[in-house]
Amino acid sequence: MPMRYEFRSELWVHIGENPWYFVTMPPDQSDEIAEVTAPMRKGFGSVRVEVKVNTFTWLTSIFPEAKTGCYVLPIEKQIRLGASLEVGESVPVAIKLVDV
């Protein structure tokens with residue numbers, strides 16, 4: 001049975017040479033994912049997922065953030081623009097683990 005998670009999280013931006021936009025998963029969900037996926041994680045601790053935000057569904061990876069220990073989900077520009085997402089907005093997210 002696929003592992004699925006739903007949550008709402010604020011869209012935030014990591015400012016740098018090339019800004020990246022993310023939402024952060026809740027700690028309890030992040031802990032469970034880290035435990036379940038330990039033997040199969042890819043580079044940087046990434047985990048492959050299928051994501052749904054509003055009407056948009058895509059395949060990507062989530063990554064553990066060192067500061068919080070929670071997984072973060074990058075939200076690409078075409079998704080942000082298509083779903084009219086703004087920094088600071090609470091975003092509804094559904095995630096399904098792909099390799100579990």
- Path from I79 to V98 over hydrophobic side-chain contacts below 4.5 Å: no
- Decide whether I75 and I15 are clustered together by the hydrophobic rule: side chain heavy atoms of Ile, Leu, Val, Met, Phe, Trp, Tyr closer than 4.5 Å, transitively. yes
[Y] backbone acceptor or donor facing [X] side chain under 3.5 Å:
X: E89; Y: E86; result: yes
X: E35; Y: S30; result: no
X: R48; Y: S61; result: no
X: S46; Y: F63; result: no

- M25 and its side-chain contact (heavy atoms from CB on, under 4.5 Å) partner, picked from V93, V72, I62: I62
- Query: Got a second to check how far E65's CD is from Y71's OH, nearest 0.5 Å?
  - Reply: 12.5 Å
- Message: For the CH2 atom on W20, are there more than 12 heavy atoms of other groups (residues, nucleotides or ligands in this structure) within a distance under 6.0 Å?
- Response: no
- Item | Crowding at CD, Q78 (>12 non-hydrogen neighbours, <6.0 Å) | yes
- Is the closest side-chain donor-acceptor distance between E32 and Y5 under 3.5 Å? yes
If I compare all heavy atoms of [X] with all of [Y], which pair ends up nearest, and what's the gap?
X: F7; Y: T24; value: CE1-O, 3.9 Å
X: W12; Y: V87; value: CA-CG1, 4.3 Å
X: P26; Y: C70; value: C-SG, 4.3 Å

